[in-house]
Protein chains: 2
Amino acid sequence: MEVRHLAVFLAVAEERNFTRASIRLHTTQSAVSATVQSLEAELGAELFDRSARQIQVTVAGLALIPKARAVLDAVVEARDCVDAVTGGVTGTVSVGFMTSVTLVDIPRLLGEFAEANPEVRVVLRSSERGSSGLVDMLSSGEVDIAFIANLAQPPADVRLMELDSTPLLLTVTSAHRLASRSSIGLRELAGERFIDFPLGYGNRSIIDRAFADAGLDRDVRFETADIAHAAALVKNGLGVAFLPAFLVASEPSLRTLTAQGEDLRLTVSVAISHSRRPSRAAQLLWDLAQNARTPR
Amino acid sequence: MEVRHLAVFLAVAEERNFTRASIRLHTTQSAVSATVQSLEAELGAELFDRSARQIQVTVAGLALIPKARAVLDAVVEARDCVDAVTGGVTGTVSVGFMTSVTLVDIPRLLGEFAEANPEVRVVLRSSERGSSGLVDMLSSGEVDIAFIANLAQPPADVRLMELDSTPLLLTVTSAHRLASRSSIGLRELAGERFIDFPLGYGNRSIIDRAFADAGLDRDVRFETADIAHAAALVKNGLGVAFLPAFLVASEPSLRTLTAQGEDLRLTVSVAISHSRRPSRAAQLLWDLAQNARTPR
DNA sequence: GAAACCAATCGCTATATGCGATGATTCAAG
DNA sequence: CTTGAATCATCGCATATAGCGATTGGTTTC
């Protein structure tokens, strides 16, 4: 009987629903199902009655609930007592991030982390080369953990966890020939001048890939690494841009169009190196990000 | 942090020695080493000081010991509370065994099991075809668990755990031409009449294989499935036999010889099916056998 | 300095876990 | 009675973890 089994059992018992438990645990329903079954087999008792649509906790399950909580509490105590002796989590965690992507509130996340772990020194690093630069810094050990936007091909030695995503909308001025349209095919954008991020940035690669897949060229006339700057360029009629929805929603002088037949999204993920074992501090930051993310 | 990690940690802390802990846990030193390292990495603290030959528990380790015990106790309670609700372990466990192999005290083992699990009905089954017959019964589900002697080629779907082993010694009467020898090569036994188990029995296959490997024939004149009967036949001068040491040690009229260059041993193992999940009762019996076995 | 002891490490295999897709069952709404 | 949504089980596959046995390297004892 392992701690993980009991944690899964408790989640199901509290939610009275395997699927909701899986969401809470940030895993899949099939994994939850398998775990509960393995626990039941080990105990030699059914813990849930699944015969009806609304599952019931069996008598054995009810008896187990407080004991399972006791085990989990004892585990927390065990961890805390070691932290107390070692003076809590210390050391330095080096965090890579991108300015200008506010989809995920990284400052707030880091604030929470700093409050919970006051002894940890946090070093913030950013990259000239966007997400792909951050990934290289992860691989080289220059940063311990990084918040990145979509990567076309995430390398094998990076472990990614998606935090949130938002649609990328074609943004034009209200005076633009397309301002009255609500959606548009990529093919119709052949003549437009585009404003976009430099190569290497997540946003840029998504759009590049979509045009390449459609066999189309596009004219990226202006490049900037600052997303607010990009919006300002659009506003001044220098070109059009695919920008995240949250950025342009409140701009009265801008209009947005969806791309027909494409699912263009900006996704923010947290990443750690898969090959090197994370420090305790990096692990805690990862866990914090996991709990903070919108549940699917 | 998993229950298994804490159990391993406690064993090392109590033994103050990785190797002894591994023996107590019926695993290997390397596995213990890896487990402790993984726990240390997770906690971000060294638990043992290995710089000297005699390892020391660190301050963090000392703090963890009582908490780890608390977790293990809570786990035991959790299991017990489910057993209490379901009325303890019940059902039927079907045990295959061989009469006449007293190397492992199976009756005592079953006695302990019955005392600890009074609600379980134990069905004893034996096989006409020795260990290979028992293995077939395991595969077919006819028995849940079986105590068997050495198998030449254990099938893939059988999980074996060795319990004990004893040398097989060539046994002759004190009047035999070889009675004064202390060891002998298989080649010199060409003309002897052998008494042995029927085909399919573990003992038989070991000796058959040894002779086959040496490119020799032998003359098995008498076959019996009862090992005491075999000894009696030898005593009456009907032939010679390879018999387990414990059986003939106290027989004044018999002499024993070791086989030169061969390591002929009778090994008793407990076996369960690898493919079907064992019942709770079968699992407990397996655990009991594991704890009862001579530690290496 | 040699031997004994003992934990770390390495390469390999087996098991466990997780995922996504699919299937089966229940139940409510038409 | 049929349809469809909800929901858990199952399957095949990929990856991670754990265990084993052999070996290495460091420490102590004689």
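Each chain gets a letter, A, B and so on, in the order the sequences are listed, and its residues count up from 1.
- Side-chain atoms of A/Asp49 do not come within 3.5 Å of backbone N or O of A/Gln56 as any donor-acceptor pair.
- In the region residues 47-54 of chain B, proximity to DNA chain C at under 4.0 angstrom, judged on heavy atoms, holds for B/Arg50, B/Arg53.
- Both B/Ala31 and A/Arg20 lie near DNA chain D, and the one whose nearest nucleotide falls closer to the 5' end is A/Arg20.
- Taking atom CD on A/Glu40 and atom C1' on D/dA9, their separation rounds to 12 Å, with Å as the unit.
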Problem - Candidate pair A/Arg24 and A/Val8, rule side-chain contact (heavy atoms from CB on, under 4.5 Å), full reasoning - result: CA-CA 10 Å; A/Arg24 201 169 100 180; A/Val8 171; over 6 Å; no
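- Side-chain proximity of B/Arg159 to D/dT10, C/dT15, D/dC8: nearest is C/dT15.
- Relative orientation of the B/Phe48 and B/Phe9 rings is tilted, given thresholds of 30° and 60° on the angle between their planes.
- Taking atom CD on B/Gln37 and atom P on D/dG19, their separation rounds to 13 Å, with Å as the unit.
- Using a 4.0 Å heavy-atom criterion, one finds that B/Thr19 contacts the sugar-phosphate atoms exclusively.
- A/Ile23 has its CD1 atom 16 Å from the C1' atom of C/dG18, to the nearest Å.
- Phosphate proximity of C/dA8 to B/Ser33: present, with a side-chain N or O under 4.0 Å from OP1 or OP2.
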Handout entry: Worked check of side-chain contact (heavy atoms from CB on, under 4.5 Å) between A/Leu134 and A/Phe147
Key = CA-CA 8 Å; A/Leu134 289 174; A/Phe147 295 89; over 6 Å; no
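- The phosphate of D/dT10 (OP1 or OP2) has no side-chain N or O of A/Ser30 nearer than 4.0 angstrom.
- Following rounding to the nearest Å, A/Phe18 (CZ) and C/dT25 (P) show an atom-to-atom distance of 17 Å.
- In this structure, the CE atom of B/Met1 is 14 Å from the P atom of D/dA18, given to the nearest Å.
- Judged by distance alone with a 3.5 Å cut-off, a donor-acceptor contact links the side chain of A/Gln29 to the base of D/dA9.
- By the side chain to side chain donor-acceptor pair (under 3.5 Å) test, B/Glu42 pairs with A/Arg79, sequence neighbours left out.
- A salt bridge does not link A/Lys67 to B/Asp80: none of the charged side-chain nitrogens sits closer than 4.0 Å to a carboxylate oxygen.
- A salt bridge between B/Arg69 and B/Glu14 is present, with a side-chain N of the basic residue lying under 4.0 Å from a carboxylate O of the acidic one.
- Distance A/His5 NE2 to C/dT15 C1': 12 Å, rounded to the nearest Å.
- Under 4.0 angstrom from either OP1 or OP2 of D/dC8 there lies at least one side-chain N or O belonging to A/Asn17.
- What separates CZ of A/Arg4 from P of D/dA18 is a distance of 11 Å, to the nearest Å.
- In this structure, the nucleotide among C/dA7, C/dG18, D/dG19 sitting nearest to the side chain of B/Thr35 is D/dG19.
- One atom, CD1 of A/Ile55, and another, P of C/dA24, lie 22 Å apart when rounded to the nearest Å.
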